[in-house]
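Positions are given from 1, in the same order as the sequence printed here. The figures that follow rest on heavy atoms only: side chains count, while hydrogens, waters and symmetry mates do not.
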Amino acid sequence: QVQLVESGGGWVQPGDSLRLSCAASGRSFRDYAMGWFRQTLGKDREFVASVNWNNRNRYHAHSVRGRFTISKDVTKNMVTLQMNNLKPEDTAVYYCAADLAGPDMRNPDYWGQGTQVTVSS
């Protein structure tokens, strides 16, 4: 069993940065690939980024590549999403996910409750 709790969301202006954190509890956190998704009202949940179990392989959606960076720290049971040069289209609820099958994130086993990110001037 893995429980995920996101934090770090908020309101920022275009061009600003935010760092989202996802704290995980559970003895098997080390074995899971971790990911971030986002969702806006009326749209499907969208893949943002993922990292494999040992933090060696990272994947980012085209829309965020070069601006966002995912990282997993097994010593702290945490996964972070550093978001730079934020744009209004990044506004969404961001969800943390854990998938034992790997960073493809096709069917995550666990989800966090989400944290709101709003980018607006």
Side-chain angles (χ1 to χ4, degrees):
Q1 186 81 6
V2 175
Q3 294 179 327
L4 306 172
V5 179
E6 301 98 333
S7 62
W11 177 84
V12 295
Q13 295 185 333
D16 286 352
S17 298
L18 270 180
R19 185 180 182 89
L20 303 184
S21 297
C22 174
S25 61
R27 294 181 297 173
S28 57
F29 171 74
R30 179 184 299 271
D31 299 329
Y32 283 80
M34 301 298 297
W36 287 95
F37 290 75
R38 65 188 182 187
Q39 188 172 24
T40 55
L41 193 63
K43 293 186 177 181
D44 291 335
R45 196 168 293 188
E46 173 191 25
F47 169 82
V48 175
S50 66
V51 57
N52 76 326
W53 70 275
N54 63 3
N55 199 39
R56 290 183 179 177
N57 298 311
R58 306 176 185 182
Y59 307 90
H60 299 83
H62 178 75
S63 59
V64 306
R65 202 166 296 160
R67 301 187 297 123
F68 291 11
T69 303
I70 189 172
S71 183
K72 182 184 180 186
D73 188 339
V74 296
T75 64
K76 298 180 180 179
N77 271 18
M78 185 168 290
V79 61
T80 59
L81 184 68
Q82 178 65 43
M83 306 187 294
N84 298 329
N85 190 22
L86 282 159
K87 303 176 180 181
E89 52 262 42
D90 295 318
T91 296
V93 177
Y94 283 72
Y95 296 90
C96 177
D99 194 335
L100 191 59
D104 286 344
M105 293 284 154
R106 293 183 180 181
N107 189 23
D109 302 288
Y110 301 101
W111 293 91
Q113 84 289 349
T115 185
Q116 176 71 46
V117 172
T118 302
V119 185
S120 174
S121 56

Novice: Are the side chains of D31 and L100 in touch, meaning some heavy atoms are under 4.5 Å apart?
Specialist: yes
Novice: Do N55 side-chain atoms and K72 backbone N/O form a donor-acceptor pair below 3.5 Å?
Specialist: yes
Novice: Can you tell me how far CZ of R38 sits from CZ of F68, rounded to the nearest 0.5 angstrom?
Specialist: 5.5 Å
Novice: Which heavy atom in V48 sits nearest to a heavy atom in L81, and how many Å separate them?
Specialist: CG1-CD2, 4.2 Å
Novice: Could you report the tightest heavy-atom contact between A97 and P108, atom names first, then the distance?
Specialist: CB-CB, 3.8 Å
Novice: For M83 versus V117, what's the shortest heavy-atom pair and its separation?
Specialist: CE-CG2, 3.9 Å
Novice: Please name the pair of heavy atoms, one in S17 and one in V12, separated by the smallest distance, quoted to 0.1 Å.
Specialist: O-CG1, 4.3 Å
Novice: What distance separates F37 CZ from D44 CG, expressed to the nearest 0.5 Å?
Specialist: 12.0 Å
Novice: Tell me, please, which residues at least two apart from R58 pass salt bridge (charged side-chain N to carboxylate O under 4.0 Å, His left out).
Specialist: none
Novice: As an exercise, state the distance from CG of L18 to CH2 of W11, rounded to the nearest 0.5 Å.
Specialist: 11.0 Å
Novice: Quick one: closest heavy-atom pair of M78 and T80, and the distance?
Specialist: CG-CG2, 4.2 Å
Novice: Would the distance check show the side chain of R65 and the main-chain N or O of H60 forming a donor-acceptor pair, the cut-off being under 3.5 Å?
Specialist: yes
Novice: In terms of hydrophobic clustering (I, L, V, M, F, W, Y; side-chain heavy atoms under 4.5 Å; direct or indirect links), are L20 and F29 co-clustered?
Specialist: yes
Novice: Taking all atoms of both residues into account, what is the closest heavy-atom pair of F47 and A61, and its distance?
Specialist: O-CB, 3.5 Å
Novice: What residues, two or more places apart in sequence or in another chain, satisfy side chain to side chain contact (heavy atoms under 4.5 Å, CB included) together with D104?
Specialist: R106
Novice: Rounded to the nearest 0.5 Å, how far apart are OH of Y110 and OG of S25?
Specialist: 10.0 Å
Novice: Does the side chain of M105 come within less than 4.5 Å of Y59's, by heavy atoms?
Specialist: no
Novice: For the CZ atom of R30 and the CG atom of N77, what is their distance to the nearest 0.5 Å?
Specialist: 8.5 Å
Novice: Has the side chain of E6 got a donor or acceptor atom that lies under 3.5 Å from a matching backbone atom of Q113?
Specialist: yes
Novice: Quick check against the 3.5 Å criterion: does N85 have a side-chain atom that pairs as donor or acceptor with the backbone of R67?
Specialist: no
Novice: Could you tell me whether the side chain of S63 reaches within less than 4.5 Å of the side chain of E89, counting heavy atoms only?
Specialist: no
Novice: For the residue pair I70 and V79, establish whether any side-chain heavy-atom pair is separated by less than 4.5 Å.
Specialist: yes
Novice: What I'd like to find out is whether the side chain of C96 reaches to under 4.5 Å of the side chain of W36, using heavy atoms alone.
Specialist: yes
